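Indexing begins at 1, ligand by ligand and atom by atom, following the structure's order. Bear in mind that the values here come from a model prediction, so they are computed numbers and not experimental data.
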Amino acid sequence: MRKNQVKEKILSGGTAYGVFCNLYSPMIVELVGHIGFDFALLDAEHGPAEVESCEHMVRAAESVGLPVFIRVAMNIRQNTLRYLDIGALGLMLPMINTKAEAEAVVKAVKYPPQGIRGLAAVRAADYGLTISLKEYTIQANQEILVISQVETVAAVNNLDELLSVEGIDVFFIGPTDLSTSMGYVAQASHPEVQAMIDKTVRRIRAAGKAAGTVAYTHEALAQAKERGFQFIVHGVTAMMTKSGRDYLEIARSS
Ligand code: 3PY
Ligand code: MG
């Protein structure tokens, strides 16, 4: 099984930069790798991505040595294992609000003894041909990155309990859903939302855990770095929009 350089980087105190890929193209994933990002994060929560389209993107990512993580829609063991079986090096679970929900995530993602992920000779295990399945379970439990989203007031209220769950590697703040949950619908830049994010990331870091978030602009990136986020995610659509609009501004300015 491939080593997870991103997990290694984050756990040793470094910061990894990736791209949310919500356009379902293997070629975009290759580009993200060639540009030099540390990882791709496929989005199978929002939008139409299914296991099969993700598999093509995982294969494309592997061709350029790029680790891939996938945000799945919900923590159903029978569903999450399919995204791991195709070769994702980690999963991100949205709206995890309680300790029990976070523990269930770890259980679904890990093989015994830590969890209950079902085992078969799947693509991620090289179909059982280059590595024994038993060895694969050990490596997978070690390498797979588990990301739990903190994006509701409930999650913030239960943060201490969430942070105590063994096996969650990154706590990922989702500004859009968090602002909406706070009553400021889609107002991530509202001062109260920003204050909440600031406080939450401090608590995550004080607990010795890694924090992640999205940063779609240069300003957001600088702020995320300053706040000590270690898993920072740009977006394919944000990149295209910015460069396209900048280009047209110059094109039509005279
Ligand atoms: C959110 O902002 O709600 C996310 O999940 C990340 O974009
Ligand atoms: Mg969200």
Side-chain angles (χ1 to χ4, degrees), residues 6 10 15-24 28-29 32 37-49 54 57 68-76 79-80 83 88 90-98 101-102 105 145-159 162 168-201 203-204 209-225 227-242:
V6 171
I10 290 172
T15 304
Y17 301 94
V19 180
F20 239 136
C21 295
N22 60 341
L23 302 182
Y24 304 105
I28 284 179
V29 172
V32 165
F37 280 98
D38 297 312
F39 63 89
L41 177 61
L42 312 185
D43 194 3
E45 180 199 14
H46 291 291
C54 288
M57 289 188 276
V68 180
F69 311 118
I70 304 179
R71 176 163 74 174
V72 295
M74 58 192 127
N75 185 36
I76 296 174
N79 189 53
T80 50
Y83 288 93
L91 294 187
M92 178 152 116
L93 276 301
M95 302 234 178
I96 299 301
N97 294 335
T98 65
E101 285 171 6
V105 169
L145 188 75
V146 186
I147 308 157
S148 181
Q149 282 203 256
V150 176
E151 53 180 354
T152 61
V153 172
V156 173
N157 289 342
N158 293 329
L159 191 62
L162 290 168
I168 304 283
D169 302 302
V170 178
F171 290 87
F172 191 100
I173 298 176
T176 306
D177 276 313
L178 182 60
S179 65
T180 302
S181 167
M182 290 173 69
Y184 302 109
V185 178
Q187 294 175 65
S189 56
H190 190 284
E192 282 193 35
V193 178
Q194 284 302 313
M196 177 77 100
I197 291 174
D198 204 48
K199 212 165 125 192
T200 305
V201 69
R203 288 172 67 192
I204 295 169
K209 302 283 176 156
T213 198
V214 287
Y216 294 144
T217 62
H218 293 179
E219 298 73 38
L221 170 62
Q223 191 179 47
K225 283 181 67 175
R227 284 174 166 161
F229 283 100
Q230 290 176 263
F231 185 89
I232 299 177
V233 182
H234 201 354
V236 164
T237 44
M239 282 190 215
M240 282 184 64
T241 306
K242 166 100 176 85

Roughly how far, to the nearest 0.5 Å, is the [atom2] atom of [Y] from the [atom1] atom of [X]?
X: Thr15; Y: Ile232; atom1: OG1; atom2: CD1; value: 5.5 Å
X: Leu42; Y: Met92; atom1: CG; atom2: CE; value: 11.0 Å
X: Thr217; Y: Gln223; atom1: OG1; atom2: CD; value: 8.5 Å
X: Arg203; Y: Lys209; atom1: CZ; atom2: NZ; value: 14.0 Å
X: Ile147; Y: Leu93; atom1: CD1; atom2: CG; value: 9.0 Å
X: Ser189; Y: Ile197; atom1: OG; atom2: CD1; value: 9.5 Å

Next on the checklist: So that I know where these two stand, are Phe39 and Phe231 an aromatic pair - ring centroids less than 6.0 Å apart?
Outcome noted: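 Close enough - the centres of the two rings lie under 6.0 Å apart.
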Checklist entry - What about Glu45: any of its N or O atoms under 3.5 Å from an N or O on ligand 1? => result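 N/O-N/O distance under 3.5 Å: no.
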Checklist entry - With only distance considered, is Val214 within less than 3.5 Å of ligand 1 through an N or O on each side? => result no
Item to check | Identified side-chain contact (heavy atoms from CB on, under 4.5 Å) counterpart of Met95 within the set Glu151, Gln149, Glu101 | outcome: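 For Met95, the side-chain contact (heavy atoms from CB on, under 4.5 Å) test succeeds with only one of Glu151, Gln149, Glu101, which is Glu151.
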Item to check | Nearest-contact summary for atom 2 (O) of ligand 1 - protein heavy atom, Å | outcome: Thr176 N, 2.8 Å
Checklist entry - Starting from atom 3 (O) of ligand 1, which protein heavy atom do you reach first, and at what distance in Å? => result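 Of every protein heavy atom, Asp177 N, 2.9 Å lies nearest to atom 3 (O) of ligand 1.
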Next on the checklist: For the Mg ion (ligand 2), what is the number of protein N, O or S atoms at a distance under 2.8 Å?
Outcome noted: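 There are 2 of them.
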Item to check | Atoms of ligand 1 close to Pro175 [distance to a heavy atom under 4.0 angstrom, numbered from 1] | outcome: 1 (C), 2 (O)
Checklist entry - Counting each atom of ligand 1 from 1 as listed, which ones have a heavy atom of Gln149 under 4.0 Å away? => result 4 (C), 5 (O)
Item to check | Residues Phe20, Arg71; criterion side chain to side chain contact (heavy atoms under 4.5 Å, CB included); working and verdict | outcome: CA-CA 9 Å; Phe20 239 136; Arg71 176 163 74 174; 3.6 Å; yes
